[in-house]
Amino acid sequence: MRSTEDLGRSHGWRLQRGVLDDGRVVFAKTGAASQVFASEAAGLRWLGEVVAVPEVIEAGPDRLVLSWVEEERPSAAAAEWFGRDLARMHLAGADAFGAPWPGFIAELPMDNTPADDWPAFYAERRVLPFARMARLSSGDLALIDRAVERFAEVCGEPEPPARIHGDLWSGNLLWSGGRVVLVDPAAHGGHRETDLAMLALFGAPYLDRILGAYQEVAPLAGGWRERVPLHQLHPLLVHVVLFGGSYRAGLMDAVAGVLAL
């Protein structure tokens, strides 16, 4: 790079805006050698078969370099376009629940070993491993175990594996050129309601417009709103692991929501 601008740090990674010798503007994430960069690159390329993502310019053991995305203010029109794009991405599907690359969310590893059954995959690869890391009380863990036992009963009618982003909070939506560009995926074959629950967890601009346009392309199964707490268990556990007990109350509210289904 012929010039760089420091953008700070995130999860221990150094973030930079750079200009390559050929004039291209790029975003670079660097840090200790890890499979996380190759995993993110694989997820971006996979999602990019269907929706807008940055171009992967380089993915090395200690860096990821992507094309720069120039951001703009969110708009209702872009939100509706994104809703339809998101539905098409989910409908593009996956070979199984999981992925053929190592999984990560932030710097935390996730087991992406493929599975045919979503409730078991979600319990064994997403919820229970993070519950063990979360330093919760024995009472909290007992309630989580009770909720896990109900996954197959309360998850709704079986759906085929969807091509999901896996960490679809509003900070991973870049509004640009009248569209939404997706970044920082934890991409894998999953349940499509998981992405929608993550959008709702911390709020997204024009969420009602996103959901309305989504349903025009891929109507959701009955009861999906009531199942939101089920799909928020994993991201809330991740936040407890990363950021501590301030997220415990939200987690246990979601557990209670699952037990009430």
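Residue numbers count from 1 along this sequence. From a predicted model like this one, the values you see are computed outputs, not experimental measurements.
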Give me the ring orientation class for [X] and [Y]: parallel if the planes are under 30° apart, tilted from 30 to 60°, perpendicular past 60°.
X	Y	answer
His11	Phe243	tilted
Phe202	Tyr247	perpendicular
His191	Trp118	perpendicular

Has [X] got a side-chain atom pairing as donor or acceptor with [Y]'s backbone, closer than 3.5 angstrom?
X	Y	answer
Ser176	Glu70	yes
His165	Val183	yes
Glu71	Leu174	no
Asn112	Trp101	yes
Arg125	Thr113	yes
Arg150	Leu261	yes

Is it the case that atom [atom1] in [X] sees more than 12 heavy atoms from other parts of the structure closer than 6.0 Å?
X	atom1	value
Asp116	CG	no
Glu49	CD	yes
Arg73	CZ	no
Trp224	CH2	yes
Gln35	CD	no

Could you pull out the closest heavy-atom pair between [X] and [Y], with the gap in Å?
X	Y	answer
Ala94	Gly189	CB-CA, 3.6 Å
Gly103	Ser39	CA-OG, 4.2 Å
Ile210	Ala79	CG1-O, 3.5 Å
Ala59	Leu64	CB-CD1, 3.9 Å
Ala96	Ala115	CB-O, 3.6 Å
Pro235	His231	CD-O, 3.4 Å

Does one hydrophobic cluster hold both [X] and [Y], with members joined at side-chain heavy-atom distances below 4.5 Å?
X	Y	result
Val181	Leu7	no
Val148	Leu230	yes
Val127	Leu242	yes
Met252	Leu201	yes
Leu207	Trp175	yes

I'd like to check [X] versus [Y] (side-chain heavy atoms, cut-off strictly below 4.5 Å). Are they in contact?
X	Y	value
Asp145	Leu128	yes
Leu86	Val51	no
Pro229	Asp253	no
Trp68	Val26	no
His188	Arg126	yes
Val255	Leu233	yes
Pro185	Trp46	no
Leu136	Leu251	yes

*Test Leu220 against Arg192 for side chain to side chain contact (heavy atoms under 4.5 Å, CB included), laying out the working first.*
CA-CA 9 Å; Leu220 291 157; Arg192 61 192 181 125; 3.7 Å; yes

*By the rule that ILVMFWY residues connect when side-chain heavy atoms come within less than 4.5 angstrom, directly or transitively, which residues belong alongside Tyr206?*
none

*asked:* Side-chain heavy atoms under 4.5 Å apart, restricted to Ile/Leu/Val/Met/Phe/Trp/Tyr: what other residues fall into the cluster of Val217, or is it alone?
replied: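 Besides Val217, the hydrophobic cluster comprises Leu91, listed by chain and residue number.
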
*Decide yes or no on side chain to side chain contact (heavy atoms under 4.5 Å, CB included) for Glu107 and Val36, but give the supporting numbers first.*
CA-CA 7 Å; Glu107 71 269 30; Val36 69; over 6 Å; no

*Evaluate the side chain to side chain contact (heavy atoms under 4.5 Å, CB included) criterion for residues Ile105 and His234: first the C-alpha distance (whole Å), next the side-chain angles of each, then the deciding distance (0.1 Å), finally the verdict.*
CA-CA 11 Å; Ile105 188 162; His234 175 239; 4.1 Å; yes

[X]: side-chain hydrogen bond (donor to acceptor under 3.5 Å, both in side chains) partners, not counting sequence neighbours:
X	answer
Arg84	none
Gln16	none
Tyr122	none
Arg14	none

_Against Tyr214, only a single residue in Glu80, His90, Arg88 fulfils side-chain hydrogen bond (donor to acceptor under 3.5 Å, both in side chains); can you say which?_
His90

*Give the C-alpha distance, both sets of side-chain angles, the deciding distance and a yes or no for side chain to side chain contact (heavy atoms under 4.5 Å, CB included) between Ile57 and Leu66.*
CA-CA 5 Å; Ile57 295 170; Leu66 307 173; over 6 Å; no

Distance (rounded to the nearest 0.5 Å) between [X] [atom1] and [Y] [atom2]:
X	Y	atom1	atom2	answer
Asp195	Leu168	CG	CG	4.5 Å
Leu236	Met198	CG	CE	8.0 Å
Phe130	Ile144	CZ	CD1	13.0 Å
Arg227	Leu196	CZ	CG	11.0 Å
Glu40	Ser34	CD	OG	10.5 Å
Cys155	Asp117	SG	CG	8.0 Å

